[in-house]
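Encoded as structure tokens, the structure appears first; notes follow it.
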Amino acid sequence: MSFEQIKQLDHQYVMQSYGRFDVAIDHGKGATLWDVEGKEYIDFTSGIGVCSLGYGDEEWAKSIYDQALKLGHISNLFYSEPYIKAAQKLCERTGMSNAFFANSGAESNEGMIKLARKYSFDRYGKGRGTVITLNKSFHGRTITTLAATGQDVFHNYFFPFTEGFRHADANDMDSLESVAGHDVCAVMMELVQGEGGVLPLDAGFVQKVAALCAERDWLLLIDEVQTGVGRTGSLFAFQQYGIQPDVVSFAKGIAGGLPFGGIMANEKCAGVFTPATHATTFGGNPIAAAAACTVLDRLDDDMLAQVKEKGAYLREQIEALNLPCLGATRGMGLMIGIEVKGEKTNKELAAKLIANGLLCLTAGPGLRLLPPLTITKEEMDKGIAIMKQTLSAI
Ligand SMILES: *Cc1c(COP(=O)(O)O)cnc(C)c1O
């Protein structure tokens, strides 16, 4: 099919809930993609932080193929080895106690919120179900995770939203204290706010929140759907913040491109979910779990150190371009935000870069880069060259 045919059929048969860019990607290798007409793109997006090992990774594909031939699905009513292996790998490397697997970020966060409310209900009874989240956060697109999301633009159309969420300003303990109350059971936050604009929280603030949570027996819920699984240069971002969450959620990059996600709980919260209190048909699917095991094995200390080096290199190179339309960079590891200055919006800049062969994302008012963790120096340099050539005149 030609691009024009694909686009026409998309508009005819697909709900138009995405403002898509004018590209139909066909295949990829490493951090390089080709569209249906054979044009090449350097990928600074990895989906949205999903394809952690890039495209066409042989080992990843083989683990999927082998598991699909062996057992493609089994109900969670039965034990299954890939599920247990993935959970063990995650717990052993994070100090968390146990895991529950789901299929997406929003669904994982729903599980995390349910766990917090049940923890509180078991100890204190009704009336203590409120979760404090941060302004500029993003926690998902279900009715409940939209309510959790601290951005007014998401609180439209779909009333009534789930009750029991209050929002505080990031890096501001006074703001957090001002929304606290006897009805609170948890604080939920991203350590680097992704969709909000790649905004890393201050470590001091995060540690104070952790201390307050411990003092009041609120659960500390960390949404690592975007920051988790190597993205920031450690397996999870919380490992660089000097805290241990009560529950942490993850999804996007965990299975390198297959739908997978979940939560891990610490010892205090490990027994909250009991039979029939939380479940999913597909969550923990053996094929996705096998892919997750491959991703986790590949993310050894050497690879994580490289993520930090590559992130620093990309930021240096971008800042050295001194482009008039771009300001400072920020972020952690290969999760990078770039400030946008001047007349053009971030969406306009992204569209120009994409048209010239560099896929990138927007977040808040800036640009956002989430390249595959396996991106090579050569691919990064190609991407930077496209940036220079495209944005110099703007
Ligand atoms: C993407 C994202 C989500 C939602 O994940 P889905 O898989 O799209 O449901 C939740 N939280 C954060 C921090 C995210 O970046």
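In each ligand, atom 1 is the first atom listed, and ligand 1 is the first ligand listed. The analysis underlying the following values was restricted to heavy atoms, covering all of them including side chains, and did not include hydrogens, waters or symmetry mates.
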Without swapping roles, check the side chain of Gln244 against the backbone of Phe238 for a donor-acceptor pair under 3.5 Å. no
Centre-to-centre under 6.0 Å for Phe250 and Phe260, is that the case here? no
Search all heavy atoms of Ser137 against all heavy atoms of Ala148 and return the closest pair with its distance. OG-O, 3.9 Å
Atom NZ of Lys308 and atom CG of Leu334: how far apart are they, to the nearest 0.5 Å? 12.0 Å
Please confirm whether Tyr157 and Phe159 have ring centers closer than 6.0 angstrom. no
Does Arg216 make a cation-pi contact with Tyr124 (under 6.0 Å, within 45 degrees of the axis)? no
Might you list the protein residues in contact with ligand 1, defined as having a heavy atom under 4.0 Å from one of its atoms, sorted by chain and number? Ser104, Gly105, Ala106, Asn109, Phe138, His139, Gly140, Glu190, Asp223, Val225, Gln226, Lys252
